[in-house]
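Below, chains carry the letters A, B, ... as their sequence lines are ordered, and counting in each starts from 1.
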Amino acid sequence: MAEINNFIKTIMENDLASGKVDKILTRFPPEPNAYLHIGHARALVTNFELAKLFNGKTNLRFDDTNPTKEDASFVEAIKEDIKWLGYEPANVFFGSDYFDETFEYAIKLIKKGLAYVCDLSPEEIAEYRGSLTEPGRNSPYRDRSVEENLQLFENMRKGMYKEGEKTLRAKIDMASPNINLRDPVLYRIIYTHHHRQGNKYCLYPMYDFAHPLQDAIEGITHSLCSLEYENHRPLYDWVIENCETPHRPQQIEFGRLNLANTILSKRYLKELVEKGKVKGYDDPRMPTLAGLRRRGYTPEAIKDFILATGLSKVNSTVDPEMLEHAIREDLKLKAKRIMAVKDPLKIVITNYPEGQVETLKALNNNENEELGYRTIAFSKYLYIEKEDFVLQKPNKHYKRLALGLEVRLYNAYFIKANDVKYDENGNIEEVYCTYDPETLSGTGFNERKPNGTIGFVEATTAKRATFNLFEPLILDDKVDAENFLERLNPNSWIQMQGFVENQEFKVEDRYQFIRDGYYIVDKDTNNDNLIFNRIVPLKTSYK
RNA sequence: AGGGCCAUAGCCAAGCGGUAAGGCAACGGACUUUGACUCCGUCAUUUCGAUAGUUCGAAUCUAUCUGGCCCUGCCA
């Protein structure tokens, strides 16, 4: 696996060396309101790998402070993705389990005169906040006494007010150039059933108040988050400072990861699913971890990809080629090479005895002999890929079959194409070839060079199979989120019916089909319905 | 425009005052029972967004400028 090296690692090294911290404790804090996607994998892998590097630990913490957006089903999906990647959180916590403790800290702020109950409506709060260029004005409720605030806050907790009627606000600075510091709301009233707490609370802390406290309570040393929270760090620090938490975590921001030509935002992934443009969050075309898993990506490939792309203080848009490279690299030595024909063309070996089926020994992976051998069939009747035959060699770079040319059938013999038979529509129906028994693979035959090597399957023993090929959902270079639905690739899922050699296939086994790509046996596969999903095509370079 | 952050090749990304790592992609070539893999080679020196300065020496320090991202939810 690639080595982890980034500015956060340096910060941790320094903090450890200076004695600022004596162990590393990170946390991965998803809000349970969406499926994890490849972009989230950066935060996930970074938090776990960095902690692991320093023999530290990582907590999984569901940031569930807004019951109107969250759902328990996402909790399970997120847990499963993390487990799939091979990470085991030291603890699984829920931000909402700290509500009582968080509440006590709010009381403390009120007593210190640093928080007050405000009766302004949402519109009024916005108006009083000022603008980017103009300072805000103090709320008329800013100077309520500590006693009155305490009483009102208690009433809020008891459910004596309607939603939106009152908030608890921090008393900081309405003239701050950082708008997050203009008396931010700490608590709001919400009467919605919470996925974990039920109807126990009607008072919910805002992210800006809850998050630093959650980090402090758990003893998080380095709280990693994305760039857009940089403006919130002064508030994060204010909360930690003024709540006088025993432990003081530090927030560090890094750039988000995007994939070129891929839409990653929650809102749009949700739209794809809800409008039926894909078959669900685990549709193999989706950039979700569930989708990539279904597609056949391995956890190792995902992790390698994340580490290979690194991270810095810029939001990066990485070329999907890098992800594809990671999965090819991982499967290279692991996947057996077998033969399949997605679009069959029948071959008749005219000098091969009718009715005879020969068994040949084939190496499972020419780069890794440990994967052993299997047997494949050969006879007078074979299938090859339609695109591997043309009547006449089109150019000197063409390395496949044509009339008068000889090619090697992978794992088998040289065959030479002599004639073709057309059907009533004028399409090529069969190709008549002769084979040379001297040229069997593995015998070291070296008298002449064939015009390339192609795959084949023996026709009488072959298994029928369905091949699913996937193209990016969106092909444009610039993904305009506003009207992406209209520009979805109509051919993003291509299905082909063909044949594979006669082997036993288990669900989720991965193979390399010679001269084509890496495939996984789909979970819907059964005895009479073999389904292969193409994980990624092989690299090709036609000249 | 008030504030914050960022800027190194087509895409990522090291570098932290001593003379531009690495990966992906691309391009030559060798090898080959996969046009794959592997191997060899090329790929920033009017060079680190631009300009000016400090210094024996600057991608690294300073100033100014330019460009990009984020911030006016009782979202996270």
Quick one: label [X] by what it contacts on the DNA or RNA (base, sugar-phosphate, nothing), any heavy atom closer than 4.0 Å.
X         : result
Gln512(A) : base
Lys332(A) : sugar-phosphate
Gly442(A) : base
Thr453(A) : sugar-phosphate

With a 3.5 angstrom cut-off on both distances, give the Watson-Crick or G-U wobble partner of [N], or none if there isn't one.
N      : result
C37(B) : none
A63(B) : U51(B)
A25(B) : none
C5(B)  : G68(B)
G17(B) : none
G57(B) : none
C75(B) : none
A44(B) : none

Gap in Å between the two [atom1] atoms, one belonging to [N] and one to [M], rounded:
N      : M      : atom1 : value
C48(B) : A7(B)  : P     : 15 Å
C56(B) : C39(B) : C1'   : 44 Å
U54(B) : C40(B) : P     : 47 Å
C43(B) : A9(B)  : C1'   : 9 Å
G10(B) : U19(B) : C1'   : 27 Å

If the test is side-chain hydrogen bond (donor to acceptor under 3.5 Å, both in side chains), which one of Lys69(A), Arg196(A), Gln197(A), His195(A) qualifies with Asp64(A)?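 Exactly one option meets the side-chain hydrogen bond (donor to acceptor under 3.5 Å, both in side chains) with Asp64(A), and it is His195(A).
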
Could you classify G67(B) for me, syn or anti, using a glycosidic angle within 90° of 0 as syn?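 Base orientation: anti.
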
Distance to the ring centre below 6.0 angstrom and angle to the axis at most 45 degrees; does that hold for [X] and [Y]?
X         : Y         : answer
Arg169(A) : Tyr116(A) : no
Arg137(A) : Tyr128(A) : yes
Lys342(A) : Phe467(A) : no
Arg515(A) : Tyr410(A) : no

I need the [atom1]-[atom2] distance between [X] and [N], as an integer number of Å.
X         : N      : atom1 : atom2 : result
Phe456(A) : U34(B) : CZ    : P     : 14 Å
Leu259(A) : A25(B) : CG    : C1'   : 15 Å
Leu181(A) : G2(B)  : CG    : P     : 19 Å
Glu367(A) : C39(B) : CD    : P     : 11 Å

Suppose we call a contact any N or O donor and acceptor under 3.5 Å apart; does that hold for the side chain of Arg400(A) and the base of G35(B)?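 For Arg400(A), whose side chain was compared with the base of G35(B), there is a donor-acceptor pair (under 3.5 Å).
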
Toward the 5' end of RNA chain B, which comes first, Asn6(A) or Phe513(A), by nearest nucleotide?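 Closest to the 5' end, via its nearest nucleotide, is Asn6(A).
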
Please compare Val318(A) and Met322(A) by the position of their nearest nucleotide in RNA chain B and report the one closer to 5'.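 Closer to the 5' end of RNA chain B: Val318(A).
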
Kindly say if [X] contacts the phosphate of [N], meaning a side-chain N or O under 4.0 Å from OP1 or OP2.
X         : N      : answer
Ser316(A) : A13(B) : yes
Lys539(A) : A25(B) : yes
Arg515(A) : G35(B) : yes

Taking the inter-plane angle between the rings of Phe378(A) and Tyr435(A) on a 0 to 90° scale, is it parallel (under 30°), tilted (30 to 60°) or perpendicular (over 60°)?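 Because their plane-to-plane angle lies in the 30° to 60° range, the rings of Phe378(A) and Tyr435(A) count as tilted.
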
List the protein contact pattern of nucleotides 69-76 of chain B with one symbol per nucleotide (5' to 3'): B for base contact, S for sugar-phosphate-only contact, - for none; contact means a heavy-atom distance under 4.0 Å. SBBBSBSB

Which listed nucleotide ([options]) is nearest to the side chain of [X]?
X         : options                : value
Glu321(A) : U34(B), U33(B), C24(B) : C24(B)
Val314(A) : A14(B), A13(B), U34(B) : A13(B)
Thr317(A) : U33(B), C12(B), G4(B)  : C12(B)

Min side-chain heavy-atom separation Asp215(A)-Tyr236(A) under 4.5 Å: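 In contact.
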
